[in-house]
Protein chains: 2
Amino acid sequence: MEQKPTTIKEIAKQLNISFSTVSRALHDHPNIGLRTKLRVQQLAKELHYEPNQTAIFFQQRKTFTIGVIIPELAEAFFSTSINGIEDTAEKNKYTVLLGQSHDSEEREKKILETMKQHRVDGVIISISKNTVNYEHFESLKKYGIPVVFFDRIPKMSDIHYVSSNMISGTLQAVSFLIKKGHRVIGMINGPEKLLASQERKEGYQQSMTKSRLKFDPSLVVNSDLSLTGTQLAMEELLSSKRKPTAIVTFNDYVALDAIQYAQKRKRKINKDICFVSFANLPISSYSAYPPLASVEQYPYIQGQKATEILLELMNKNKDETGQKEVYYKIIVESQLVLHEKK
Amino acid sequence: MEQKPTTIKEIAKQLNISFSTVSRALHDHPNIGLRTKLRVQQLAKELHYEPNQTAIFFQQRKTFTIGVIIPELAEAFFSTSINGIEDTAEKNKYTVLLGQSHDSEEREKKILETMKQHRVDGVIISISKNTVNYEHFESLKKYGIPVVFFDRIPKMSDIHYVSSNMISGTLQAVSFLIKKGHRVIGMINGPEKLLASQERKEGYQQSMTKSRLKFDPSLVVNSDLSLTGTQLAMEELLSSKRKPTAIVTFNDYVALDAIQYAQKRKRKINKDICFVSFANLPISSYSAYPPLASVEQYPYIQGQKATEILLELMNKNKDETGQKEVYYKIIVESQLVLHEKK
DNA sequence: TTAAATTATGCAAAGGTTTGCGGAGAAAAC
DNA sequence: GTTTTCTCCGCAAACCTTTGCATAATTTAA
């Protein structure tokens, strides 16, 4: 019973005109008679004509598809940013091909490979925290597939990216704690390789200097963001000589793990020790002891911006090629959000 | 600088053979001389030949893409099930085109439309809770695009689906509470239209009857799953004449909202009132008062199964067409998981 | 050697669409 | 009435690949 989709040829045959005429009629091409145009559009509707996109993709060397690769969908930050990506893409008639690296470089490569084969028009990517090799990104360039990075950005020059301002975000967070009277402030940072970690450290250092406090590098420890990684980091901080009374954590997940660990170690949350973190996830509003405040990074906007840049890059290609490229480096401001006590 | 991708024609020209030979050489076709095969494969590698998938898609009338539509990526249940889908798809060389309905029927339709245009080979969908009209699903059938539903399933006959066994899940949940001594048990159910809601009610009723307890329909209230919806539902239960000492909620999000509301109303959690819910999300492990237990629905497995069915449907099409169709109705068993006290 | 069987290669069509170019026919200008 | 100018439409190529069928080349059998 499966009906074959109507084609332009079919319409042409029934109307006894050439299929190029049909094509033009359907596209409101100027060189077309009003009469025939209407006849064609009429019949097209009757036969439920729908253009064969695969043919068009092929013909136009374009797929109106963008590939999106992120580490982990389950993390609220990423699923929210995908909302921004998807909405923007949809508005511009693009669809989203999704891939998760699960923080494996190998998977990341493989997904990128598949996407290249699927001839995506562009790629948005937040790299795996374990990715050390950047060749697979370079290779996309050769094929003229534009790439926009966001949030987790590789240390490469000549790339487009959008990220949130971690330096100023950290500044806000640390200043907030200092204003509350804390003098010894620890930091559980993420993997050192990540740009985001470096910026947090930078921001931490800046605000300490600003307030004429000593910057003690031993108070900045790294976690690989896993539960045990965070616990190790906490252990290190809690057993440090200069007992920190407040800790800034890499994100809310780390914060929650850290808080649980602090409780296990008999620290009274918000008395013995306070927490401030990043991401401002809804999860923390349900938590028993949420961090005092969290730096909102506006993932939706980041996704949106990244997509807008990509759209521009994908369309530019046609017109002005060969000009020296300008690289977009968009910084989305972050904002410390206080968690109200209930 | 942008190099044009190598085509089969290019290889053929350089080797002075016909491009059909090249095609066959690259596919290890039996009718091909070993010498030429090697020569071709050698050159293909040198020129970094990569087949133009869009051409192949077009030629084969297949895109190796499956569309996945879910209500909300941010919900852990769905993002986990997508993991199952993506992994299974990837293993079979399929890619995933993603769309979120955000629980809007209109968006759902639109996404489906776009996916149809993109000529996806099949669709996996968990429908929006506000979808009342099912025409857009029917229409896919006409085009021979197989659809597999999961978790949120429309009330249609002749469909393929996978869902978790809510009846037995609810049975486990309620029995658990009864065994703990509760006699008056309330339920905050989801929207009545959802099959999942009906099944929960069914399970609730069954276990009451089984234990020779009276089934009181006024103890089963519905929430639209929003915060206020849940609060309204809670208000109704708390003000009911027969004070329930335990409540089964539609999912963990509802549970957390309900628990917060109960606290606001000065109920002591796990003393005055206990909660059991569905989904078993990691979120609840961070919560101050998580539900006592939660019914794990194995979203990853659901996604996996749905994809496996879809793969089968997509491949069947070719061979045996016209046979009367068999509809898959896969029930994934659910499992009550107790939350340890710490 | 030659005929027969086998193996390797080429030809050409098909899949649906867009688009530059040329030409037919009609309207306008002289 | 002839030429010029438009307006509208058809032809055909191109995008790249796969594949059935025919044919050329080679091997095997007689």
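In the text below, chain A, chain B and the rest are named by the order of the sequence lines, each starting its count at 1.
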Legend entry - For Phe149(A), the option from Phe137(A), Tyr161(A), Tyr327(A) that meets ring-ring contact (aromatic ring centres under 6.0 Å, His included): Phe137(A)
Inset, instruction - In whole angstrom, give the distance that lies between atom NE2 of His29(B) and atom C1' of dT7(C). - result: 12 Å
Inset, instruction - Would you mind reading off the distance between His27(A) atom NE2 and dT19(C) atom P, rounded to a whole angstrom? - result: 7 Å
Inset, instruction - Could you pick out which residue, Ile17(A) or Asn31(B), lies toward the 5' side of DNA chain D when each is mapped onto its nearest nucleotide? - result: Ile17(A)
Legend entry - Sole candidate of Leu195(B), Ile70(B), Asp103(B) that passes side chain to side chain contact (heavy atoms under 4.5 Å, CB included) when paired with Arg152(B): Asp103(B)
Inset, instruction - Decide if atom NZ of Lys13(A) counts as having more than 12 heavy atoms of other residues, nucleotides or ligands within a radius under 6.0 Å. - result: no
Inset, instruction - Measure the distance from CD1 on Ile11(B) to C1' on dG10(C) and round it to the nearest whole Å. - result: 17 Å
Legend entry - Value in whole Å for how far the C1' atom of dG10(C) lies from CZ of Phe19(B): 9 Å
Inset, instruction - Would you please say whether a donor-acceptor pair under 3.5 Å links the side chains of Tyr328(B) and Glu312(B)? - result: yes
Inset, instruction - Answer with base, sugar-phosphate or nothing: what part of the nucleic acid does Thr7(B) contact at a heavy-atom distance below 4.0 Å? - result: sugar-phosphate
Legend entry - Ring-on-base stacking dG16(C) with Phe58(B) (under 5.5 Å, under 30°): no
Inset, instruction - Return the 5'-most residue of the pair Lys9(A), Ile32(B) with respect to DNA chain C, ranking by each residue's nearest nucleotide. - result: Ile32(B)
Inset, instruction - Grab the CD1-P distance between Ile8(A) and dT19(C) for me, whole Å please. - result: 11 Å
Inset, instruction - Scan Thr54(B) against the nucleic acid and name what it touches under 4.0 Å (heavy atoms): base, sugar-phosphate only, or nothing. - result: nothing
Legend entry - N/O donor-acceptor pair, side chain Arg24(A) with base dG20(C), under 3.5 angstrom: yes
Legend entry - Between Phe57(A) and His118(B), ring centroids under 6.0 Å: yes
Kindly list each side-chain donor-acceptor pair under 3.5 angstrom involving residues 31-41 of chain B, sequence neighbours excluded, with atom names and distances?
unit_1	atom_1	unit_2	atom_2	d
Thr36(B)	OG1	Gly33(B)	O	3.1
Lys37(B)	NZ	Asp28(B)	OD1	3.3
Gln41(B)	NE2	Ala25(B)	O	3.1

Legend entry - Euclidean distance, atom NZ of residue Lys37(B) to atom P of dT7(C) [Å, nearest integer]: 14 Å
Inset, instruction - Verify the contact: side-chain N or O of Thr21(B) to OP1 or OP2 of dG10(C), cut-off strictly under 4.0 Å; return yes or no. - result: yes
Inset, instruction - Identify whether any heavy atom of Ser20(B) sits under 4.0 Å from a base atom; if not, whether one sits that close to sugar-phosphate; answer base, sugar-phosphate or nothing. - result: base
Legend entry - Spacing of Leu26(A) atom CG relative to dT19(C) atom P, expressed in whole Å: 13 Å
Legend entry - Boundaries of the chain B footprint along DNA chain D (any atom under 4.0 Å from a heavy atom): dC16(D) to dG20(D)
Legend entry - Phosphate contact (dT17(C) OP1 or OP2) by Tyr49(A) side-chain N/O below 4.0 Å: yes
Legend entry - Electrostatic pair Asp87(B):Arg107(A) at N-O distance under 4.0 angstrom: yes
